[in-house]
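Contents: one structure, followed by commentary.
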Amino acid sequence: MNLIEELAWRGLIQDITPETEEQLNKELTSGYVGFDPTADSLHIGNLVPIMLLTHLQRSGHKPFALIGGATGRVGDPSGKTQERQLLTTEIIEHNLASQKKQLEQFLKFGDGPTDAEIVNNYEWFKKFTFLDFIRDVGKHITINYMMSKDSVKNRLESGMSFTEFSYQLIQGYDFYYLNKEKNIKLQMGGSDQWGNITTGIELTRRMGGGDTFAITAPLVKKADGTKFGKSEGGNVWLDAEKTSPYKFYQFWLNATDEDIENFIKVFSLLSRSDIEKLIAAHVEAPHLRLLQRTLAEELTLRIHGAHALEMAIEASSILFGNATAENLKKLSERDFLDVFQGVEQVEVARSLIEAGVDIVEMLSEISGFLSSKSEARRSLKENAISVNKDKVGEDYKVSASDLISDAYILLQRGKKKYFVVRAV
RNA sequence: GGGGAGAUACUCAAGCGGCCAACGAGGGCAGACUGUAAAUCUGCUGGUUUCACCUUCGCAGGUUCGAAUCCUGCUCUCCCCA
């Protein structure tokens, strides 16, 4: 199966330029994807373009990840309804450095012909003067052409700065430059990048460069129409500091049946036949949630490593299995900490707990787990609160006998929301 | 510049002198059922010292025993005419 066939069955092709497949079959082709330094970590939405690069490399071509030191200074208007706030140079530099480190873990780097490289477009833009740019580059593309792009058209009513209007030209020049200097012939990205990419192709052609090609992937969608990649806490990040491995694992495990088939095709590196077998098995016995488990394990392993995965699984089985207070109390302090590293924690004076604390106080003012006493009472009335996995009522008092490993108390609201109190 | 309409809790949206912490819908949270899924049903969704009290209906004043509801001024939004 060649790259195009592979991407197609995974549902990763939205648009593709003519003869791209012929080009890929003809020779080892270099391709790139650009990353915008808008945050100091990539999130799971960025995983899609990363997968494009991964598949490119696996099918015997050479991937480049471009980090947008220059484009990040301008701001991509694609998909935005309002002018964007400019980021400071320091923030951009910080974000670039963090993203670069993350990108390095997904691809194979080295000196081989298909080994990945990272480039930063600030390198070739920092010495480019404004006059030179509008003479040498701007002359080749008409305003009319630029205005026909959706990213511009959608903003004609509400307004758009010259800065953002210029964006497509900057990104377009990247393609020209990379084609000329690195013999890169393919640009990939999310479907929102189609306009920018085609500007690049057009520019390269008019500036006398070689033939260039493009593939874009559709936006990942959820069946219920809500945005993919958000959990209660906001974005799901690849940085363990921002989204713990446990939460990351749980995110995938909680995918609905409707979505998971699509997700596993997009994000898993398993072969088509393996995935098809898994899907068939899942349809047979959906309650085993085989697809969710497989994908959650694969991705947690790839991004956070074996130890983090083990802990995420263990934490999950303790929190969602039929663990009881007894099971919990058997955990060593170390295991307890490992298991609950991703769960919010707060320190509470030991003397307070030894004296006995009203559950309402504990949930609200003392721990900050719930935002008010009213909310705490409400939850207790709803039978939603557990202490160390045992349901408790409004008159419960937390005392020293609730301490696990003589130090911890596990508070819980509902099935999925946990909070750890540590006695000090 | 002239005329008109409106600003209510996370969002939409009722209410037009006391029965209003404020109908309803969506969203969110929780319970039941399940498979840590979906659908469905149920409850909750300002705060507190919780059978009561306090703060909230654009902002600031006023009328009244009593106002989200009436009056005055201000701010903002939308529509129509020039």
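Throughout, a chain's letter reflects where its sequence line sits, starting with A, and its residues are numbered from 1.
- Here the separation of B/G27 from B/C20, taken at their P atoms, is 26 Å to the nearest Å.
- Nucleotides B/C19 and B/U69, compared at atom C1', are 15 Å apart to the nearest Å.
- Between A/F248 and A/W237, the distance from one ring center to the other does not fall under 6.0 angstrom.
- Straight-line distance between the P atoms of B/A82 and B/A9: roughly 36 Å, to the nearest whole Å.
- Ionic pairing of A/D115 and A/K108 is present here: one or more N-O contacts between side-chain nitrogen and carboxylate oxygen are shorter than 4.0 angstrom.
- With respect to A/Y418, the side chain to side chain donor-acceptor pair (under 3.5 Å) criterion is satisfied by exactly one of A/R413, A/E344, A/Q412: A/Q412.
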Dump the pairs, protein N or O against N or O of nucleotides 36-46 of chain B, anything under 3.5 Å, distances to one decimal.
from  : atom 1 : to     : atom 2 : distance (Å)
B/U36 : O2'    : A/N254 : OD1    : 2.5
B/U36 : O2     : A/Q250 : OE1    : 2.8
B/U36 : O2     : A/N254 : OD1    : 3.4
B/U36 : N3     : A/Q250 : OE1    : 3.1
B/U36 : N3     : A/Q250 : NE2    : 3.1
B/U36 : O4     : A/Q250 : NE2    : 3.4
B/A37 : OP1    : A/K416 : NZ     : 3.1
B/G43 : N2     : A/E382 : OE2    : 2.9
B/C44 : O2'    : A/R378 : NE     : 3.4

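- Across every strand in view, B/G46 sits in a pair with B/C54 that passes the Watson-Crick or G-U test at under 3.5 angstrom.
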| For A/Q168 and A/T199, what are the C-alpha separation, side-chain angles and deciding distance, and is it a side-chain hydrogen bond (donor to acceptor under 3.5 Å, both in side chains)? | CA-CA 7 Å; A/Q168 56 173 293; A/T199 298; 2.8 Å; yes
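- With both ends at atom C1', the span from B/G47 to B/U56 equals 10 Å, rounded to whole Å.
- Pairs engaging residues 328-364 of chain A under the ring-ring contact (aromatic ring centres under 6.0 Å, His included) rule: A/F336-A/F340, A/F336-A/Y408 [sequence neighbours left out].
- Shown here, B/A37 forms no base pair; nothing in the strands shown gives a Watson-Crick or G-U wobble contact with both key distances under 3.5 Å.
- Computed from coordinates, the A/L319 CG to B/G35 C1' distance equals 17 Å when rounded to whole Å.
- The only member of A/L12, A/I197, A/L186, A/D15 that meets side-chain contact (heavy atoms from CB on, under 4.5 Å) when paired with A/I215 is A/L186.
- Both cation-pi conditions hold for A/R73 and A/Y122: the charged atom is under 6.0 angstrom from the six-membered ring centre and inside a 45 degree cone around its axis.
- For A/K417 and B/A30, the shortest distance from a side-chain N or O to OP1 or OP2 is not below 4.0 Å.
- In this structure, B/A7 and B/U75 make a Watson-Crick or G-U wobble pair, each of the two defining distances being under 3.5 angstrom.
- As rounded to the nearest Å, B/G35 and B/U49 have C1' atoms that lie 44 Å from one another.
- Across all strands shown, B/A22 forms no Watson-Crick or G-U wobble pair with both distances under 3.5 Å.
- For the pair A/L370 CG and B/G28 P, the computed distance is 19 Å after rounding to whole Å.
- A distance of about 34 Å separates the P atoms of B/A13 and B/A52, rounded to the whole Å.
- Under the 4.0 Å criterion applied to side-chain N and carboxylate O atoms, A/E117 and A/K62 are assigned as salt-bridge partners.
- Comparing A/R413 and A/S371 by the nucleotide of RNA chain B that holds the closest heavy atom to each, the one mapping nearer the 5' end is A/R413.
- Ring centers of A/F64 and A/Y32: at least 6.0 Å apart, outside the cut-off.
- Here the separation of B/G62 from B/A67, taken at their P atoms, is 12 Å to the nearest Å.
- If you take atom P in B/U75 and the same atom in B/A60, they sit 15 Å apart, rounded to whole Å.
- Within the shown strands, B/C81 is the pairing partner of B/G1 under the Watson-Crick or G-U definition, both distances less than 3.5 Å.
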Identify all pairs in which a protein N or O lies below 3.5 Å from an N or O of nucleotides 21-23 of chain B, and state each distance.
none

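- If A/E375 and A/I385 are placed on RNA chain B by their nearest nucleotide, the residue sitting closer to the 5' end is A/I385.
- Side-chain contact check for A/F320 versus A/Q250: some heavy-atom pair is nearer than 4.5 Å.
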